[in-house]
**Q** 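What follows is a single structure, and I will ask about it in a moment.
Hydrogens, waters and symmetry mates play no part in the numbers below; they use all other heavy atoms, side chains included. Note that the coordinates shown come from a computational prediction; the quantities given were computed from them, not determined experimentally.
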Amino acid sequence: PKSTYTAQQTAAAKAKVCTAFGKLDRAAGVNNAVTRGSDPIAAAANSRQMFDVFSRYLSATLAEEPATPADLATAVREQASTLEEVVILDHEGFSNSDPELKPVVDANSASADTIRQLCK
């Protein structure tokens with residue numbers, strides 16, 4: 001049977017998930033603004049680590065908040081999944097210019113935009 005939650009439980013879950021996403025969104029902005037230096041290998045490793053941590057953090061936060069509204073939960077799962085996929089593709093040797101990466105990056109951007117809208 002499907003669990004039901006009070007409006008207060010749903011609002012609290014949404015707030016926690018939105019706060020978690022907001023932290024990651026700000027951290028990604030800071031990371032992108034920082035000069036990465038001239039070492040592309042170090043920059044790639046840093047991005048992989050950041051995406052891996054972000055995907056696990058979002059997934060863990062969502063798992064701890066079962067009262068999260070379904071539309072937000074779906075977008076967060078998509079965000080976490082695409083972050084994981086970017087890490088895997090990067091390990092396979094794909095670069096940002098590879099066309100195989102574009103659908104994943106587009107899906108990631110779309111889910112992030114959806115989360116931002118739902119968390120307003």
Side-chain angles (χ1 to χ4, degrees):
K2 187 175 179 179
S3 298
T4 57
Y5 302 98
T6 66
Q8 184 178 5
Q9 289 171 313
T10 301
K14 178 181 177 179
K16 287 180 184 177
V17 170
C18 288
T19 297
F21 176 79
K23 287 178 186 179
L24 301 182
D25 208 23
R26 285 187 299 281
V30 168
N31 185 66
N32 290 335
V34 174
T35 304
R36 297 179 189 261
S38 59
D39 185 352
I41 294 171
N46 185 51
S47 291
R48 276 193 306 268
Q49 181 180 18
M50 182 180 71
F51 292 157
D52 180 51
V53 168
F54 285 6
S55 69
R56 288 186 288 120
Y57 182 67
L58 283 174
S59 295
T61 301
L62 188 59
E64 293 170 0
E65 299 302 331
T68 302
D71 53 352
L72 179 58
T74 297
V76 169
R77 278 193 221 57
E78 177 70 19
Q79 178 75 178
S81 176
T82 57
L83 289 169
E84 289 172 346
E85 194 166 349
V86 168
V87 172
I88 291 166
L89 290 171
D90 190 60
H91 278 292
E92 289 180 353
F94 288 92
S95 71
N96 288 341
S97 60
D98 287 325
E100 292 88 348
L101 197 56
K102 183 172 179 9
V104 177
V105 171
D106 290 348
N108 180 270
S109 294
S111 62
D113 289 344
T114 298
I115 294 167
R116 285 185 200 100
Q117 284 296 107
L118 294 170
C119 289
K120 282 186 176 183

**Q** If the condition is side-chain contact (heavy atoms from CB on, under 4.5 Å), which residues does D52 pass it with, not counting sequence neighbours?
**A** S55, R56, V87
**Q** Please identify each residue that fulfils side-chain hydrogen bond (donor to acceptor under 3.5 Å, both in side chains) with T114, with sequence neighbours left out.
**A** none
**Q** Measuring only between side-chain heavy atoms, which start at C-beta, is Q79 closer than 4.5 Å to I115?
**A** yes
**Q** For A27, which residues count as a side-chain contact (heavy atoms from CB on, under 4.5 Å) partner, sequence neighbours excluded?
**A** F54
**Q** Considering all heavy atoms of both residues, which atom of A20 and which atom of Y57 are nearest to each other, and what is their separation?
**A** CB-CE2, 3.5 Å
**Q** Taking side-chain hydrogen bond (donor to acceptor under 3.5 Å, both in side chains) as the test, write out the residues that go with T6, two or more places apart.
**A** Q9
**Q** Got a sec, which pairs hit salt bridge (Lys or Arg N to Asp or Glu O under 4.0 Å) with one end in residues 80-89, sequence neighbours left out?
**A** none
**Q** According to salt bridge (Lys or Arg N to Asp or Glu O under 4.0 Å), who are the partners of R48, at least two apart in sequence or on a separate chain?
**A** D90
**Q** Hey, can you pull the donor-acceptor pairs under 3.5 Å for the side chains in residues 65-76, sequence neighbours left out?
**A**
unit_1, atom_1, unit_2, atom_2, d
T68, OG1, E65, O, 2.6
T74, OG1, A70, O, 3.0

**Q** Rounded to the nearest 0.5 Å, what separation is found between the CG atom of D113 and the CG atom of L118?
**A** 11.0 Å
**Q** Any salt bridge (Lys or Arg N to Asp or Glu O under 4.0 Å) involving residues 19-29? Give me the pairs, sequence neighbours left out, ordered by first then second residue.
**A** D25-R116
**Q** Write down the atom of K14, the atom of C119, and the distance for their closest heavy-atom approach.
**A** CE-CA, 4.4 Å
**Q** When rounded to the nearest 0.5 angstrom, what is the spacing between NZ in K16 and CG in L62?
**A** 13.0 Å
**Q** Atom CG of L83 and atom CG of L24: how far apart are they, to the nearest 0.5 Å?
**A** 8.5 Å
**Q** T82: what forms a side-chain hydrogen bond (donor to acceptor under 3.5 Å, both in side chains) with it, not counting sequence neighbours?
**A** N108
**Q** Tell me, please, which residues at least two apart from E64 pass side-chain hydrogen bond (donor to acceptor under 3.5 Å, both in side chains).
**A** none
